[in-house]
Amino acid sequence: MKSITVKQLQERFKLEILAGEHRLDREITRSKAHRPGLEFVGYFDFFPMNRVQVLGRKEINYLHKQTEEERNLHIGNVVKYHPPCFIVTANQEGLKYLMIYCQQEGIPLLRTKETTTEFLGKLDSYLTQALAPEIAVHGVCINVSGIGILLRGKSGIGKSETAHTLIRRGHRLVADDIVVLKKLSPQTILGTHNETTREFLALRSIGLINVVRLYGRKAFQDETRIVLDIELSPWRDQALNNDLELEQKYTDYLGVGIPHLEIQLQPGRDVAGMIEAAANSWYLRQQGYSAMEEFMKRIEGEMK
């Protein structure tokens with residue numbers, strides 16, 4: 001199971017450390033934060049104790065209004081489950097009683113200036129990506145007109161060169177050689193780089209180039225949702241399917257089926273142009289348009 005430490009979370013969001021500074025090595029394994037509201041009134045049947053606990057104005061104001069005895073009881077009941085950490089939002093103060101409990105139990109208590117709603121959105125997004133199941137595949141990831149494409153094929157087939165052509169046409173590189181795929185949901189695969197290859201594209205006979213330095217910031221983006229899996233393969237005589245509408249195939253990545261198509265290479269073929277056409281065709285299908293259906297309607301109209 002993937003995990004991150006409280007220290008990584010603290011550094012990512014520049015959180016102020018109020019207590020438990022010696023236990024920042026504690027691990028976070030769950031991707032959604034939790035606000036302990038019902039737990040402060042004694043209801044623990046569904047308490048997600050392994051999640052980051054976020055305390056907004058509602059929770060802190062409730063604790064402030066309790067007597068010292070009630071407050072100690074409520075906090076003690078939650079702290080004994082030893083969640084990874086507590087994060088107080090909106091730069092709230094008057095937390096001495098909470099600091100004492102967290103220090104005693106070795107639970108990091110952190111604070112942010114951001115509002116609860118704003119911070120929770122960022123936190124959940126970060127945790128979802130940081131803890132998402134992932135694999136690394138050999139290929140190129142590129143964003144074509146806002147559509148994420150994983151470009152695969154044998155070494156030397158021309159993936160990076162094709163990506164370079166697409167970049168020069170205004171599209172964006174995400175990753176070259178090693179593409180990291182993350183499963184964000186049962187329907188969503190995110191493609192990104194492994195940091196080491198960030199912004200780099202390897203071109204045979206030319207060498208390594210930095211696409212941002214060569215073509216500007218618009219030539220690169222950190223991540224993209226993968227919606228097409230395109231395989232480049234050598235030309236095979238008599239192997240192309242010339243039907244007007246090909247049966248849709250899928251490639252499975254982490255349990256998510258990504259639409260797959262194959263482009264066979266031959267001298268003179270505009271491979272980059274075909275990838276652009278595939279991306280635009282996919283987009284139109286998502287909008288409910290089918291060129292095949294329109295074509296058949298025209299045929300039927302001529303036969304009447």
Side-chain angles (χ1 to χ4, degrees), residues 1-40 43-64 71-134 180 182-185 190 192-196 198 222-223:
M1 179 180 293
K2 291 187 66 178
S3 66
I4 63 170
T5 65
V6 175
K7 178 65 174 177
Q8 289 175 280
L9 186 66
Q10 182 265 324
E11 292 178 343
R12 171 63 176 78
F13 291 99
K14 297 180 174 57
L15 302 173
E16 180 185 0
I17 304 172
L18 301 179
E21 60 275 5
H22 300 303
R23 292 306 314 276
L24 297 180
D25 60 342
R26 301 193 68 181
E27 292 187 342
I28 301 170
T29 59
R30 303 295 295 275
S31 61
K32 294 290 184 180
H34 175 68
R35 297 181 67 178
L38 290 175
E39 291 76 19
F40 280 145
Y43 187 78
F44 288 89
D45 286 4
F46 301 98
F47 180 42
M49 64 188 75
N50 295 324
R51 300 185 189 274
V52 173
Q53 305 296 312
V54 176
L55 305 176
R57 292 187 181 277
K58 180 172 62 176
E59 292 80 16
I60 294 300
N61 286 339
Y62 173 78
L63 292 175
H64 284 345
R71 189 162 56 229
N72 289 340
L73 175 64
H74 297 328
I75 296 173
N77 285 339
V78 174
V79 169
K80 71 180 181 182
Y81 286 95
H82 288 84
C85 66
F86 289 96
I87 301 177
V88 177
T89 62
N91 211 27
Q92 297 178 87
E93 299 181 346
L95 306 174
K96 186 176 181 180
Y97 56 88
L98 193 56
M99 294 167 62
I100 292 174
Y101 265 97
C102 288
Q103 198 68 36
Q104 289 175 345
E105 298 293 331
I107 302 174
L109 176 62
L110 312 170
R111 181 165 62 185
T112 177
K113 296 179 180 178
E114 296 187 73
T115 65
T116 306
T117 302
E118 183 180 17
F119 180 71
L120 272 176
K122 295 179 180 179
L123 176 62
D124 283 347
S125 177
Y126 169 73
L127 291 176
T128 296
Q129 290 198 30
L131 300 176
E134 67 178 49
V180 177
K182 297 186 176 186
K183 182 180 179 180
L184 300 188
S185 77
L190 187 77
T192 186
H193 49 79
N194 67 350
E195 289 295 338
T196 303
R198 187 176 190 270
D222 273 307
E223 58 192 32

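Taking 4.5 Å as the limit, every side-chain heavy atom of L38 sits out of range of all side-chain heavy atoms of D45. At a threshold of 4.5 Å between non-hydrogen side-chain atoms, the residues R111 and N91 count as touching. Looking at R198 and D222, their side chains come closer than 4.5 Å, going by heavy atoms from C-beta outward. Using a 4.5 Å heavy-atom threshold, the side chains of F86 and V79 count as touching. Looking at heavy atoms from C-beta onward, R12 lies out of side-chain contact with Q8 at the 4.5 angstrom threshold.
Heavy atoms only, all atoms of each residue included: I4 and L131 are closest at N-CD2, 3.8 Å. Of all heavy-atom pairs spanning C85 and V52, the tightest one is SG-CG1, 3.8 Å. Scanning both residues, T116 and R57, for their nearest heavy atoms gives OG1-N, 4.0 Å. What you find for Y97 and I60 is that their closest heavy atoms are OH-O, 4.2 Å. The two residues H82 and R26 make their nearest non-hydrogen contact at O-NH2, 3.0 Å.
Distance check, rounded to the nearest 0.5 Å: CD of Q92 to OG1 of T112 gives 11.0 Å. We find the CD1-CG distance between I28 and L127 to be 6.0 Å, quoted to the nearest 0.5 Å. Between atom CZ of residue R30 and atom CE of residue M49 there is a gap of 10.0 Å, rounded to the nearest 0.5 Å. A distance of 8.5 Å separates CZ of F119 from OG1 of T89, quoted to the nearest 0.5 Å. The structure places CG of L55 at 10.0 Å from NE2 of H34, a figure rounded to the nearest 0.5 Å.
A donor-acceptor pair is defined here as one N or O able to donate and one able to accept, closer than 3.5 Å; such a pair exists between the side chain of Q10 and the backbone of L15. Between the side chain of E59 and the backbone N or O of G56 there is at least one donor-acceptor pair closer than 3.5 Å. Listed for the D124 side chain is a donor-acceptor partner under 3.5 Å among the backbone atoms of A33. Counting only distance, with no hydrogens or angles, the side chain of Q103 and the backbone of I100 share no donor-acceptor pair below 3.5 Å. Not a single donor-acceptor pair under 3.5 Å links the side chain of K32 to the backbone N or O of R51. When atom types are taken as modelled, the side chain of Q53 and the backbone of P48 share a donor-acceptor pair closer than 3.5 angstrom. With hydrogens and angles ignored, the 3.5 Å screen pairs no side-chain donor or acceptor of S125 with any backbone N or O of G121. The main-chain N or O of T29 is never found under 3.5 Å from a side-chain atom of S3 such that the two would form a donor-acceptor pair.
With C102 as the fixed residue, the side-chain contact (heavy atoms from CB on, under 4.5 Å) test singles out one of L109, L110, L18: L109.
Annotation: K2, atom NZ; neighbour count of heavy atoms from other residues, nucleotides and ligands within 6.0 Å is above 12.
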N77 and E39: side chain to side chain contact (heavy atoms under 4.5 Å, CB included), yes or no, with the steps?
-> CA-CA 8 Å; N77 285 339; E39 291 76 19; over 6 Å; no
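Ring geometry for F40 against Y62 counts as parallel: the plane angle stays under 30°, on a 0 to 90° scale with 60° as the upper cut. Taking the six-membered ring where the residue is Trp, Y43 and F46 present tilted rings, their angle falling between 30° and 60°. The aromatic rings of Y126 and F13 lie perpendicular to each other, with more than 60° between the two planes, well past the 30° mark.
For E114 and K122, the salt-bridge test passes: some basic side-chain N is under 4.0 Å from an acidic carboxylate O.
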